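Because the structure is a prediction, the values reported are computed rather than measured. Naming convention: chains lettered A, B, ... in sequence-line order (proteins, then strands); numbering from 1 in each chain.
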Amino acid sequence: MTAIAAALPVSPAWKLVHVDGGSVGVAERPALGTSVRVAVWPPGHLRQVVGAVNRELADLDLQASRFRPDSEISGIHAVGGGTVEVSDGLAEVIAVALAAARWTGGLVDPTVGAAICALGYDRDFAAISAEEGTTVPVPVSVPGWRSLRQAGRLLTLPEGVLIDLGATAKGVGADRAASAAIRAVNGGGVLVSIGGDMAMAGQPPHGGWPVLVADDHRQEDRAGTAINPVQVVRLTAGALATSSVSCRSWMRGGRRLHHILDPRTGMPAVGPWRTVSVAAASCAEANAAATAGVIAGAHASSWLAGRGLPARLVRHDGDVLMVGDWPAADGGRLTPPPARMAVP
Amino acid sequence: MEQDNEDRPERVRLAGAGDDYYARQPGELRAGRWRDDGVRRARRVSNWTAAVLVVGAAAASGYFAHAAAAPVVTGATQPGTTVSGTGQKASVTHPVVTSGGSGVVVGQSGQAAAYRDN
């Protein structure tokens, strides 16, 4: 324990997780409105890894958070439309968001910002989750991703369009952080999870990184129930992401709302799935596919199978449907296919 | 309403949900080899020398095999969590992270130990 703890930087943000020795080091910190966890082997790399991850998280937050008045995306919204020049980092995040929109046929759409604000998710979630608004939610039309135009660092958007990158930004962040972390060390492997959406880089441990798949990324207990089924998988490459309507819900006008918005209606997605997990080559792709799965409803399994993506879908009653090469057995290996989503 | 904004950059679309839903569906161990090479070279010298080399190599490989199998670090780290490792690649038996919906968390994980700079 001493060796791993001593390897951590002087940072109160990070907390060690099961550090009594062993061949992996694990640490966790709050960031981006959720929790970020890193696992690394050999554990002596933990100091460099959390340093690299810190930098990526800070950059992404400053680029893409719509809850920070000093972020780039808030600056764009303040302009109120037109053509703006953005940083390379934000340009990449937006390019991924548009690629996800194109790939999912618009199921995942970055222009849902105004619609989700109209439902009450207009500030950091921690500030709204405890209150119960009395106003009955009224859906706001979603402009659609085709209303955005991007040419490199130049972004053009119509007046009034608010960009929400929630369906892809965490995935981009996990991809960036894992890549940066493995570049900061010499050998070994790393797994970076941002709110349950994770990417690995380098070599996984023997058999893959063991990951618990559940409704909520805060769950640690691997003993599931019929209504709350969980599964352990071993991720051997790429990334894994889960979208769930069980998390980030709030009350408005006596109605429970959640954060996964259907761009076709401007309202929270309704359908048979409460949780969708997808393995993909990158976390951005997995994140987009998992969100699209929740929104696609009854067509989700065929949509995912058609793209060759291993997926696990959980119905509201707890029934589980496994798609493609998702392992049936607990502890089975999960190996994503090559990249399916084209990002220019 | 026109949606092909890439072709008509002067036009934008502000009304209506995305209606293009589904539109696009559609060996050899190095130690062993070294040992074999060593034996073949020894035979060109003498049978006694070869015998000595065989015994020596076998003893050495046995030693290294034992050393490689011994875990560098082994131990239960939390209730229900066990990790062990070899000098080559980590072996992890219990989940290190959970993939699930991203609820609001402010660092209150039940397994998170307070950081101590020791």
> Is there a donor-acceptor contact under 3.5 Å from the side chain of R37(A) to the main chain of T98(B)?
Replying inline: no
> Of the listed residues (V38(A), V276(A), L212(A), T156(A)), which shares the most heavy-atom pairs with chain B below a 4.5 Å separation?
Replying inline: L212(A)
>> Using every non-hydrogen atom in the two residues, find where K89(B) and P204(A) come nearest and quote the distance to one decimal.
In response: CE-O, 2.5 Å
> L235(A) versus chain B, heavy atoms under 4.5 Å apart: side chain, backbone, both or neither?
Replying inline: neither
>> Between A290(A) and chain B, with a heavy-atom cut-off of 4.5 Å, which part of the residue counts as in contact: side chain, backbone, both or neither?
In response: neither
> Would you find a donor on one side and an acceptor on the other, under 3.5 Å apart, between the side chain of S99(B) and the backbone of D197(A)?
Replying inline: no
>> I'd like to verify something: which residue of D215(A), V213(A), V230(A), V36(A) has the highest number of heavy-atom pairs under 4.5 Å with chain B?
In response: D215(A)
> For A214(A), is it the side chain, the backbone, both, or neither that has a heavy atom closer than 4.5 Å to a heavy atom of chain B?
Replying inline: both
> Any side-chain heavy-atom pair from V211(A) and V96(B) closer than 4.5 angstrom?
Replying inline: no
>> For R234(A), which atoms come within 4.5 Å of any heavy atom of chain B: side chain, backbone, both, or neither?
In response: side chain
